[in-house]
Structures are given as C-alpha cells and as structure tokens.
There are 2 protein chains.
Amino acid sequence: MKIDKSLMTGSTTMLILRLLENTDMYGYQMIEELEKRSQNIFTLKAGTLYPLLHTLEQQNMIESYDTKADSARPRKYYRLTKDGRKMLEEKKTEWQAYTTAVNQVLGGHSYVRA
Amino acid sequence: MKIDKSLMTGSTTMLILRLLENTDMYGYQMIEELEKRSQNIFTLKAGTLYPLLHTLEQQNMIESYDTKADSARPRKYYRLTKDGRKMLEEKKTEWQAYTTAVNQVLGGHSYVRA
DNA sequence: TGACTATATATCGATCATCTATATATAATG
DNA sequence: CATTATATATAGATGATCGATATATAGTCA
C-alpha cells in the first residue's frame, strides 16, 4: 500500500532517533532498517536523511564517528546523545497526543450540535 | 500540550472530510469543531482551511452552497460528494497503515542484526 | 577485464502543506 | 461608538521532504 508521503512529515526525526535508541547506525543502514521495520511503508530518501542527520548533529541530538575501516567501506556511524534521548521522549509523547486526537475526530460520533 | 504542527501535515484533508461525513458545515465552523473534538490539539488556521476547501471543491470532493440568510451572516456550507466519500475512505486506510507502521518502529524490539 | 549494480555519503533546487499577515464585512457587546 | 467575535479570502514566508545529480568503492557476472 502506498501512503501519501506528506503523512511522513514530522515523524521522521522521531523515527530516526528511535532507531538509534538501542544501536548506533550509519545513514544507509537507517534507510534499510526503517523500510524493514515498517514493512516497506517508509522508504526514506537519501536526500532527506543525510541533511537531517547533519541538522541533528548540529543540534547536539546525535554525534558521529567514522569507522577506521581498514577493509570495509567508510561509514559514518551515529550515536544518540543525552539531549537526543530527551528529544525522543518528547517526540513520543507528542506522537501519542497527536494520534489520539486524530482518532478521536475519526471515531467521534457525529453529534450534530444544535 | 503543544504538538509540532508539522505532524498535522497530510491528515488535515482527511479530518475535514471526516467532519463533513455526517453534517454539512461552513469553514469557520470546521475550525471550531476540530478544536473541540480534538481537545484543542488541532487549531487549524483560516489561512490553511479556506484555500484547502477551494482545492477540494475544484477536485469535486466537496460542493458548496450559500445560505439564503435573510437574517444570519452569509455562510458558505460544504457538503461531501460521492467522490469525497471515497477519498475519505482511502485516507482512513492510509492513516491506519501509516500509524501502524510508525508504532511498529516505535515499539519494535531493537533486534540488533548481526 | 570490463560493465553493471549495490553500497555509502553529500548537496542543490523543486514541490507542497501549512502558517502569518493582511484585508474586508457584518453582528454582537459594552 | 469602539471593540470583539464571526466569516471568508488571498499573498507571501517557512519548512519538510523529494528528485536529480555527483562521487567513490565493493561485489557480481559475462
């Protein structure tokens, strides 16, 4: 099922931070991981992700380190900072409030107000 | 609780169509109704709504009629068309798929893949 | 070997949804 | 009579995401 990409707006940052909650990851890996975990619903584009990672790093939410990589190709790993964890918790709370509100409107009995 | 307005993106159209599912409404009323039903989470701005209504009307999803209004102030009521109902159903399905996917990523056990 | 595909990161300009600000007009309030 | 609430409308700004493009290396297959 194809979902309107505009729905994605606003939750991308939360999802990226969530991926980093338990494991450090590099950009390309995040794209694949998101796809897998969402059953191909989210196909985050490289052109979206990399600038976003740079912004989050500037904001001190994540920090990067390069693999020495004698053999492997160069990868830039990201790790969640303390601030990033805090931001993630906030975004999760927001997400809860938002979906609750939408579902309330969707499910609400259409009480036609007099 | 203030939620990031960018989360709103993509669901606004669905919410508007949902409001019209059971009752015809005019623009200003939709703003108030959305606020009420969402417990003040959604404060849709007039500058967002009116252009959106015009677009939806052009797309034949809704149609408008004016109140004769001998007394009351002029209001432009909107009614959901057949196409609009279909669109609403599609948007609901999309919404389901989207939130399911996000929650899956959020809740997913962080299986660190080898 | 050579061509092609997958991996990996990066940036620029375009697109699209929403917001802010502004405008207009009438009804209700004090 | 001034102010606020109701009601619709549009123009320009902002911000998130995408498409296109670039670069470089590793793996695959003929």
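Below, all heavy atoms of this structure are taken into account, side chains as well, without hydrogens, waters or symmetry copies. Per chain, numbering begins at 1; letters A, B, ... match sequence-line order. None of the values given here were measured: they were computed from a predicted structure.
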Q. Hey, is the side chain of A:Y28 poking within less than 4.0 Å of OP1 or OP2 on C:dT9, counting only N and O atoms?
A. no
Q: May I have the step-by-step check of side-chain hydrogen bond (donor to acceptor under 3.5 Å, both in side chains) for A:D24 and A:Y65, ending in yes or no?
A: CA-CA 10 Å; A:D24 294 359; A:Y65 55 95; 2.5 Å; yes
Q: For B:S11 and A:Y98, run side-chain hydrogen bond (donor to acceptor under 3.5 Å, both in side chains): C-alpha distance rounded to whole Å, both residues' side-chain angles, the deciding distance at 0.1 Å, then the answer.
A: CA-CA 11 Å; B:S11 59; A:Y98 168 64; 2.7 Å; yes
Q.
Please pick, from D:dA7, C:dA10, C:dT18, the nucleotide with the shortest atom-to-atom distance to any side-chain atom of B:T12.
A. C:dT18
Q. How do A:H54 and B:S11 order along DNA chain C: which one's closest nucleotide is nearer the 5' end?
A. A:H54
**Q.** Comparing A:G27 and A:S6 on DNA chain C - which has the more 5′ nearest nucleotide
**A.** A:G27
(Q) In whole Å, I'd like the distance from the CE atom of B:M30 to the P atom of D:dA9. (A) 11 Å
**Q.** Atom-pair distance (CD1 on A:I16; C1' on C:dT9), nearest Å
**A.** 15 Å
(Q) Please report the distance, rounded to the nearest Å, between CG in A:D4 and C1' in C:dC16. (A) 10 Å
**Q.** Flag, side chain of A:T12 to backbone of A:T9, donor-acceptor distance under 3.5 Å
**A.** no
**Q.** Sole residue of B:E57, B:H54, B:K76 in side chain to side chain donor-acceptor pair (under 3.5 Å) with B:S64
**A.** B:E57
Q.
What is the separation between atom CG on B:L49 and atom P on D:dA11, rounded to the nearest whole Å?
A. 17 Å
Q) Between A:Q29 and A:Y26, is there a donor-acceptor pair closer than 3.5 Å when you use the side chain of the first and the backbone of the second? A) yes
Q) Rounding to a whole Å, what distance do you find between B:L34:CG and C:dC19:C1'? A) 16 Å
Q.
Rounded to whole Å, how long is the line connecting atom CZ of A:R75 with atom P of D:dT25?
A. 16 Å
Q) Between A:Y26 and C:dA8, is there a side-chain N or O to OP1/OP2 distance below 4.0 Å? A) yes
(Q) Expressed as a whole number of angstroms, how long is the span from A:M14:CE to D:dA16:C1'? (A) 15 Å
**Q.** Interatomic distance, B:Q29 CD vs D:dT6 P [rounded to whole Å]
**A.** 12 Å
Between the protein and nucleotides 18-23 of chain D, are there any N/O to N/O pairs under 3.5 Å, and if so, what are the atom names and distances?
| residue | atom | partner | partner atom | Å |
| --- | --- | --- | --- | --- |
| D:dC18 | OP2 | A:T48 | OG1 | 2.6 |

**Q.** Reported CG-to-CE distance for the pair A:L53 and A:M30, which is rounded to 0.5 angstrom
**A.** 5.0 Å
(Q) Closer than 4.0 angstrom, basic N to acidic O: yes or no for A:E21 and A:K92? (A) yes
